[in-house]
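What follows is a short report on a single structure.
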Amino acid sequence: MSQDTTVRRADTTHATPDTVKVANDSTKRMIPVDSIPQVAGQLSSVDKTDSILKHHSPKKAAIRSAILPGLGQIYNKKYWKVPIIYGALGISGAVLAYNLTNYRALKVAYRAKYNASLRPPDSSEWSKIRPDLVGIDMNALRSYRDEFRRNIDYSILAIILLWGLNVVDATVDAHLKAFDVNPDLSLRFKLGPSQMAGTTGVSVVLAFK
């Protein structure tokens, strides 16, 4: 039997590969192949969001729009909004200029007619009256002057509001740059019992795939 050692060694040698195979199989079961791409995808999504938040600042968008209307929209790459902003501000500016022009003309005409009604009359400014205002009564001139003065205030207020809306729009757009619009998000309505509320009805479910 002492001479059978060769056979035993051969058997031992054959058993070794089986042990290695079992170890390899157990390693494959412990680390799923699909888990690595999923983790990498999640990390890349987080890095992308952090990069957007780091390089696209709502504060910068607000400051630029406050300095020059439309500059924040250009920073947000919303170029189509710039003509709308300048169109609204341009119309408000034109209305303001119209009210200012008429207010000044009415003011001069009223002062000239008032001075001409004094005793002794002072007609030194009569020539400054605009031709279309010569035939208007002094009291009517005063009423028109006050009306255009109010319109000037409204026009200035409209310009300030539009300027402020331009800043707000740029700031909100910059904040929404990092908003998740991934197709893995889903919103659906569910009819039935709600575990959270403890009642039965229609629920809105926001799901992450």
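For the numbers below, each heavy atom of this structure counts, side chains included, while hydrogens, waters and symmetry mates do not.
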Within a strict 4.5 Å, meaning less than it, do heavy atoms of the Trp163 and Asn166 side chains meet? yes
I need the minimum non-hydrogen distance between Glu125 and Arg111, along with the two atoms involved. OE1-NE, 2.9 Å
State yes or no: do Leu165 and Leu68 share one hydrophobic cluster built from I, L, V, M, F, W and Y residues joined by side-chain heavy-atom distances below 4.5 Å, directly or via other members? no
Close side-chain approach of Leu162 and Ser92, heavy atoms under 4.5 Å: yes
Neighbour count >12 (heavy atoms, 6.0 Å) for atom CZ, Phe148: yes
Testing the basics here: between Leu141 and Lys113, what is the closest heavy-atom pair and its distance to 0.1 Å? CD1-CD, 3.7 Å
Same hydrophobic cluster for Leu100 and Tyr144, using side-chain heavy-atom links shorter than 4.5 Å among ILVMFWY? yes
Applying the 4.5 Å side-chain criterion to the ILVMFWY set and letting contacts propagate, would Tyr114 and Val134 be lumped into a single cluster? yes
Does atom NZ of Lys81 have more than 12 heavy-atom neighbours, drawn from other residues, nucleotides or ligands, at distances under 6.0 Å? yes
Run Asp169 and Gln73 through side chain to side chain donor-acceptor pair (under 3.5 Å) and show every step you take. CA-CA 8 Å; Asp169 175 76; Gln73 282 71 19; 2.9 Å; yes
Is the count of non-hydrogen atoms from other residues, nucleotides or ligands lying under 6.0 Å from Arg104 atom CZ greater than 12? no
Under a 4.5 Å side-chain heavy-atom rule over Ile, Leu, Val, Met, Phe, Trp and Tyr, are Val167 and Ile156 clustered together? no
Per side chain to side chain contact (heavy atoms under 4.5 Å, CB included), Asn76 is matched among Leu176, Asp173, Leu71 by Asp173
Check the hydrophobic clustering (I, L, V, M, F, W, Y; side-chain heavy atoms under 4.5 Å; chains of links allowed) and say if Leu96 and Leu106 are grouped together. yes
Is a side-chain donor or acceptor of Asp122 paired with a backbone partner of Ser124 at a separation under 3.5 angstrom? yes
